[in-house]
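Here the structure is laid out as structure tokens; the discussion comes afterwards.
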Amino acid sequence: MKKTDRAAQIWALPLPTPGGEFVAHYSTQGLCGLDFPSLGNRPECATTAVPPPPAIRRWHALATEALARALQDQAPENLPPLDLSSGTEFQRRVWRVLRKIRPGQTRTYAEVAREVGNPKAVRAVGGACGANPIPVFVPCHRVLAANHRLGGFSGGLDWKRTLLAREGVKTTG
DNA sequence: CCCTAGCGGTGCT
DNA sequence: AGCACCGCTAGGG
């Protein structure tokens, strides 16, 4: 509540979509979190009391449009800046690889491990995917287990299945 | 299908 | 420092 807290201020804004109400989190650096709709997600507890500054409302407009596109399997365009500074160095390397996977493409956890230069860190890649604060835009759902199996998803496997199905990806799991 | 061993990052103590 | 947890994988019933 003092000036020392200003750098840490986070705004949480409800983000309605046809698939339910997400919640977007913004730091002064950009979008820093995206929560899937959940039963406990009531608008009142998600919204910050103070109105967000214009820059953040602009980012939120971009995020809203981009998420609508992403949920229809169109490549999101005009994303707001993504603030991924919360991650460790390893996690940020993984997330950078994930962002290069186009809609309809997939990687395995092992392939991502190889791409970040640490081929044996396969389980750790799974951990980094699970720690991804901005699902959908950082498309951790496009990482599958070996042999086209679905693998896990912290946002709920239903969402992973849904997102992949919209992109035309088939899995054996 | 079920184990099991081996693996590396992360967070907690 | 140690330790338990994992969105894993390959190998062997």
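The chains referred to below are lettered A, B, ... by the order of the sequence lines, with proteins before strands, and numbering in each begins at 1.
Contact annotation for A:Asn147: no contact, since no heavy-atom pair falls under 4.0 Å across all strands.
Side-chain contact check for A:Glu89 versus A:Arg93: some heavy-atom pair is nearer than 4.5 Å.
Contacts of A:Arg161 classified as side-chain contact (heavy atoms from CB on, under 4.5 Å), with partners at least two apart in sequence or in another chain: A:Leu150, A:Leu157, A:Asp158. Residues passing the side-chain hydrogen bond (donor to acceptor under 3.5 Å, both in side chains) test with A:Glu65, sequence neighbours excluded: none. Looking at residues two or more places apart in sequence or on another chain, you find a side-chain hydrogen bond (donor to acceptor under 3.5 Å, both in side chains) between A:Ser85 and A:Asp83. Every residue meeting the side-chain contact (heavy atoms from CB on, under 4.5 Å) condition with A:Glu77, not counting sequence neighbours, appears here in chain and number order: A:Arg69.
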Atom pairs and distances, donor-acceptor, side-chain atoms in residues 166-173 of chain A, under 3.5 Å, two or more places apart:
| residue | atom | partner | partner atom | Å |
| --- | --- | --- | --- | --- |
| A:Arg166 | NE | A:Leu71 | O | 3.1 |
| A:Arg166 | NH1 | A:Leu71 | O | 3.4 |
| A:Glu167 | OE1 | A:Gly104 | N | 3.0 |
| A:Glu167 | OE1 | A:Arg142 | NE | 2.8 |
| A:Glu167 | OE2 | A:His141 | NE2 | 3.1 |
| A:Glu167 | OE2 | A:Arg142 | NE | 3.3 |
| A:Glu167 | OE2 | A:Arg142 | NH2 | 2.9 |
| A:Thr172 | OG1 | A:Asn147 | O | 3.2 |
| A:Thr172 | OG1 | A:His148 | O | 3.2 |

Please list every donor-acceptor pair under 3.5 Å in which a side-chain atom of residues 113-134 of chain A meets a protein atom from a residue at least two apart or in another chain.
| residue | atom | partner | partner atom | Å |
| --- | --- | --- | --- | --- |
| A:Glu115 | OE2 | A:Arg107 | NE | 3.0 |
| A:Asn132 | OD1 | A:Ile134 | N | 2.9 |
| A:Asn132 | ND2 | A:Val138 | O | 2.8 |

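Annotation: ring pair (Phe, Tyr, Trp, His ring centres under 6.0 Å) contacts involving residues 152-173 of chain A, sequence neighbours excluded, comprise A:Phe22-A:Trp159, A:Phe36-A:Phe153, A:Phe36-A:Trp159. Within the structure, ring pair (Phe, Tyr, Trp, His ring centres under 6.0 Å) pairs that include any residue of residues 57-90 of chain A comprise A:Tyr26-A:His60 (at least two apart or interchain). Screening residues 67-89 of chain A for ring pair (Phe, Tyr, Trp, His ring centres under 6.0 Å) gives no qualifying pairs among residues at least two apart or on separate chains.
Against DNA chain C, the stretch residues 91-101 of chain A makes no heavy-atom approach under 4.0 Å.
Base-pairing analysis of DNA chain B finds the following stems of at least three consecutive Watson-Crick or G-U pairs, with both pairing distances under 3.5 Å: B:1-6 with C:8-13, B:8-13 with C:1-6.
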Checklist outcome for this item: The contact string for nucleotides 7-13 of chain C, one letter per nucleotide 5' to 3', using protein heavy atoms under 4.0 Å with B, S and - for base, sugar-phosphate only and none, comes out as BBSS---
